Amino acid sequence: MKSIKEIEQLLKNSDREDDYIKTLRLDERKGVQKALGRWEKQIEKREALLEKYELMQKYEKLFNREGYRLIAGIDEVGRGPLAGPVVAAAVILPENIQLLGIDDSKKLSEERRLYYYERIMEEATVSTCMIDHHEIDTMNILEASKKAMIHAVNSLHTQPDFLLIDAVKLPTPYPSESIIKGDSKSISIAAASVVAKVERDRLMKDYDQQYPDYGFAKNMGYGTKEHLRAIEEKGISPIHRRSFAPVKDFLIDNRR
């Protein structure tokens, strides 16, 4: 009779159809049943990830069937913060890449984002663009976001033949599809979301070293209570967006 540890090792390379699993279900030892329960939960989790990943390839497969091979996912990060840039990314994933569990970057832990980021940067064609707070104040955040996305597309070393874009429509020469909440529906857009967020977060952590009063390394420029309190107490930093409330309101109040 095999020990619990030996059974746990065997389970690592087993699937539900193995005859050995049927035998284990009849094993009355509590340790065996607990090990089997843990293994089944892991199998269910992986199956859910595979199902989600399959769904997130729907648009890529659809346009592949129409003859498009170099599909770029486009997304941006940083529309909502009170400070810092907006960052866009364009990503062409290689065929057959598997990024199980990838999703909208906001739904992922920092550890998972960094894991996917490294994979994407190693295996995919990637371009990014940053539009700083000055330009955001000049042209408004929507136009700044579009400008960043267009520049990211145009900077790709490999020219795409189709674009999958998160939410917005872009004036480009490429055929495209805009997808609402595309970063949770397309692996290409999700990959762009991850790249853009990791790179923007790194910029905000650098800014936190220059302007430590605002907690940029934690809030990434978003209007948390602590961030708003710092604006009230310290005033605004050089990277705050002066066209955004409540930064704009603070400036007005202090001119009176």
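Values below: all heavy atoms of this structure, side chains included; hydrogens, waters and symmetry mates excluded. These figures come from a predicted structure and were not determined experimentally. Residue indices begin at 1 and follow the sequence shown.
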Starting from L70, can I reach V153 by hopping between I/L/V/M/F/W/Y residues whose side chains sit under 4.5 Å apart?
no
Step by step, would you call K147 with E135 a salt bridge (Lys or Arg N to Asp or Glu O under 4.0 Å)?
CA-CA 10 Å; K147 181 177 179 179; E135 284 196 80; 2.5 Å; yes
Could you tell me the separation between the [atom1] atom of [X] and the [atom2] atom of [Y], rounded to the nearest 0.5 Å?
X	Y	atom1	atom2	answer
D104	M56	CG	CE	8.5 Å
E40	I43	CD	CD1	8.5 Å
Y117	E122	OH	CD	11.0 Å
M149	N154	CE	CG	12.5 Å

Hey, does [Y] have a side-chain heavy atom less than 4.5 Å from the side chain of [X]?
X	Y	result
L82	Y222	no
S176	K169	no
M204	I239	yes

Hey, does the side chain of [X] reach the backbone of [Y] with a donor-acceptor pair shorter than 3.5 angstrom?
X	Y	value
Y53	L99	yes
S178	V168	yes
K197	K106	no

Given S186, which of Q57, E60, K181 fulfils the side chain to side chain donor-acceptor pair (under 3.5 Å) condition?
E60
What class does the angle between the rings of F216 and H240 fall in, given that below 30° is parallel, 30 to 60° is tilted and above 60° is perpendicular?
tilted
Does a sphere of radius 6.0 Å around NZ in K30 hold more than 12 heavy atoms from other residues, nucleotides or ligands, not counting ones at 6.0 Å or beyond?
no
Evaluate whether atom CZ of R242 has more than 12 neighbouring non-hydrogen atoms of other residues, nucleotides or ligands under 6.0 angstrom away.
yes
Show your reasoning for whether side-chain contact (heavy atoms from CB on, under 4.5 Å) applies to H227 and I231.
CA-CA 6 Å; H227 185 179; I231 291 174; 3.8 Å; yes
Between the side chains of D137 and S243, is a donor N or O closer than 3.5 angstrom to an acceptor N or O?
yes
Should E110 and K205 count as an ion pair when the cut-off is N to O under 4.0 Å?
yes
With F162 as reference, evaluate Y68, Y59, Y174 under the ring pair (Phe, Tyr, Trp, His ring centres under 6.0 Å) test and give the passing residue.
Y68
